[in-house]
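Take a look at the structure below.
When a ligand or atom number is given, it counts from 1 through the structure's own listing order. Residues take their numbers from the sequence shown, with the count starting at 1.
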Amino acid sequence: MKERINLTSLDARIPALRAETPGTAHVMHFNHAGSSLSPQPVLDAVFDHLTLEATIGGYEAAALANDRLEGVYASIAHLLNASPDEIALVENATRGWDMAVYAIPFAPGDRILTSKSEYASNLVAMIQIAERHDVTIDVIPNDEHGQISLDALATALRQPVTAVFVTHIPTNDGLVQPIEEIGALIREHRPECWYVIDACQSAGQIPLDVERIQCDILSATSRKYLRGPRGVGFVYIRRSRIDTMEPPLLDLHAADLTSPASYVMRSDARRFENWESYVAGRLGLGAAVGYALEIGLGAIQERVQRQASQLRGRLQEDAGATVHDVGEVQSGLVTFSLPGVDAAAIVQSLAEKRINVSLSNIYRTFLDPAQDAIGTFVRASVHYIATGEEIDSLIAALPRSGRIG
Ligand SMILES: *Cc1c(COP(=O)(O)O)cnc(C)c1O
């Protein structure tokens, strides 16, 4: 880890960090995995640019912001230990993942590996790709901790594999997949295999280093743990892969016409972008990445895990809840249920007390039969700004199981 972890200093900074997050005055937010509360520097970056657009014109404002827009690529590259030409800015994580994955040159007979907790949108795309190119998808079983079995993966990698897809922190089972160990296995057995990471819930929550992960593609969104605005996301593509990839969609930003009947694609990751974009949102994302880097991802991860583990303990001990999280390392996404109480009713009753949690829905995953009942679970996602008092309030506000329903 590059940055120095100074735990005391992050704990001591929480009141100040909360004070510059306007939303903390209005709600107790346990929905950072849905969409976080942005801090003031992020809001300023967005509002200032919208004001500039309204004042001098959208294209004129973008021209003035050009250096700062380039800086957004540099900040994201820094966050991932990548280089700016390996970053594409897109509308959201899914579109980034899609643009890159649909550009992998699959051929009939190819084999894809994935885990049981792959994000549903990724699975939809994978199925479409499998049908289109006559490719098979093998789902690697879980180990006794409920995360991908490295032994089963190593066995699967003995046969040819074209691509491995892993969601780093799944939407609804608490775990953190061991993506560096997975990357090491892939590179040992199948150096040419495409390794694709969905880092949508981990960007801003956990340090990410594409050299240590050894991935080719990594996608993430702005609005979740990075605390940026909605409507923007990014994808990293390894330099050595870009030339071999044909984006599923191209426009005059991604490619240049060289004659009435020919074009040449950009040589950097921006061949996966499109021309029109939410400029204020991109600047807000840049501010959010800078904000996270200044706090330090190691310190953020440590505090998120500490707050989440406090919440898991209180849910079990003081609220009689069942916590459904698995994995050797657990994330800030806490999934639970109260025996005999409808999850939607819990979400609703907390909302009335201005406590934001969300419902974990079955449609997000299908690969794990153990999660058949997931539609009945509540997800409380914790970020570093969550305090012990907020956790107390959440516990106190829960309907007592057995008392209701
Ligand atoms: C939210 C989420 C996504 C989708 O992100 P968007 O920005 O909404 O496209 C992808 N993967 C995981 C694991 C998620 O939780």
Side-chain angles (χ1 to χ4, degrees), residues 30-36 38 76 87-102 114-127 146-148 164-179 182 196-206 208 213 215 217-236 248 272-274 277-278 281-282 284-285 288-289 304 308 324-327 329-335 356-368 371 374 377-383:
F30 291 92
N31 197 13
H32 301 277
S35 189
S36 188
S38 291
I76 294 170
I87 307 300
L89 296 177
V90 288
E91 299 92 316
N92 52 59
T94 306
R95 192 40 44 90
W97 191 97
D98 286 344
M99 285 298 282
V101 167
Y102 280 92
T114 192
S115 83
K116 286 186 173 246
S117 351
E118 190 63 7
Y119 188 65
S121 289
N122 304 348
L123 193 55
V124 169
M126 240 181 270
I127 295 167
Q147 63 197 33
I148 191 169
V164 177
F165 296 95
V166 178
T167 293
H168 189 192
I169 295 184
T171 304
N172 52 17
D173 46 14
L175 73 97
V176 181
Q177 295 280 23
I179 55 172
I182 295 169
V196 182
I197 297 292
D198 176 339
C200 200
Q201 295 291 1
S202 50
Q205 179 177 175
I206 287 186
L208 292 169
I213 303 165
C215 59
I217 295 166
L218 180 146
S219 57
T221 209
S222 156
R223 72 182 185 281
K224 297 180 180 177
Y225 277 82
L226 280 169
R227 309 183 64 202
R230 298 192 64 173
V232 61
F234 61 86
V235 58
Y236 154 85
F272 296 94
E273 297 184 342
N274 58 67
S277 70
Y278 176 30
R282 289 180 169 192
L285 166 60
V289 171
V304 168
H324 300 278
D325 298 328
V326 297
V329 179
Q330 294 188 335
S331 69
L333 284 66
V334 180
T335 307
N356 297 340
V357 295
S358 72
L359 212 52
S360 257
N361 290 319
I362 180 94
Y363 68 80
R364 297 212 176 96
T365 181
F366 246 97
L367 294 174
D368 194 350
Q371 297 197 337
I374 201 115
F377 295 171
V378 179
R379 184 185 68 189
S381 45
V382 175
H383 212 330

* To do: Check the pair Ser38, Arg227 against side chain to side chain donor-acceptor pair (under 3.5 Å), reporting the backbone distance first and the verdict last.
  => CA-CA 5 Å; Ser38 291; Arg227 309 183 64 202; over 6 Å; no

Under 3.5 Å, N/O to N/O: give me all the pairs between ligand 1 and the protein, one per line with atom names and distance.
| residue | atom | partner | partner atom | Å |
| --- | --- | --- | --- | --- |
| ligand 1 | 7 (O) | Ala93 | N | 3.1 |
| ligand 1 | 7 (O) | Thr221 | OG1 | 2.6 |
| ligand 1 | 7 (O) | Arg223 | NH1 | 3.0 |
| ligand 1 | 8 (O) | Arg223 | NH1 | 3.3 |
| ligand 1 | 8 (O) | Arg223 | NH2 | 2.9 |
| ligand 1 | 9 (O) | Asn92 | OD1 | 3.4 |
| ligand 1 | 9 (O) | Ala93 | N | 3.4 |
| ligand 1 | 9 (O) | Thr94 | N | 2.8 |
| ligand 1 | 9 (O) | Thr94 | OG1 | 2.5 |
| ligand 1 | 11 (N) | Asp198 | OD1 | 3.2 |
| ligand 1 | 11 (N) | Asp198 | OD2 | 2.6 |
| ligand 1 | 15 (O) | Thr171 | OG1 | 2.9 |
| ligand 1 | 15 (O) | Gln201 | NE2 | 2.8 |
| ligand 1 | 15 (O) | Lys224 | NZ | 2.9 |

* Asked: How about Arg230 and Ser35: do any of their side-chain heavy atoms sit closer than 4.5 Å?
  -> yes

* Asked: Does one side chain, of Ser358 or Arg379, offer a donor that lies under 3.5 Å from an acceptor on the other?
  -> yes

* Structure fact -> Per side-chain contact (heavy atoms from CB on, under 4.5 Å), Leu333 is matched among Leu175, Asp173, Ile169, Val382 by Ile169

* To do: Might you point out which heavy atoms bring Gln177 and Ser115 nearest each other, and give the distance in Å?
  => NE2-OG, 3.6 Å

* Centroid-centroid under 6.0 Å between Tyr119 and Trp97 rings -> no

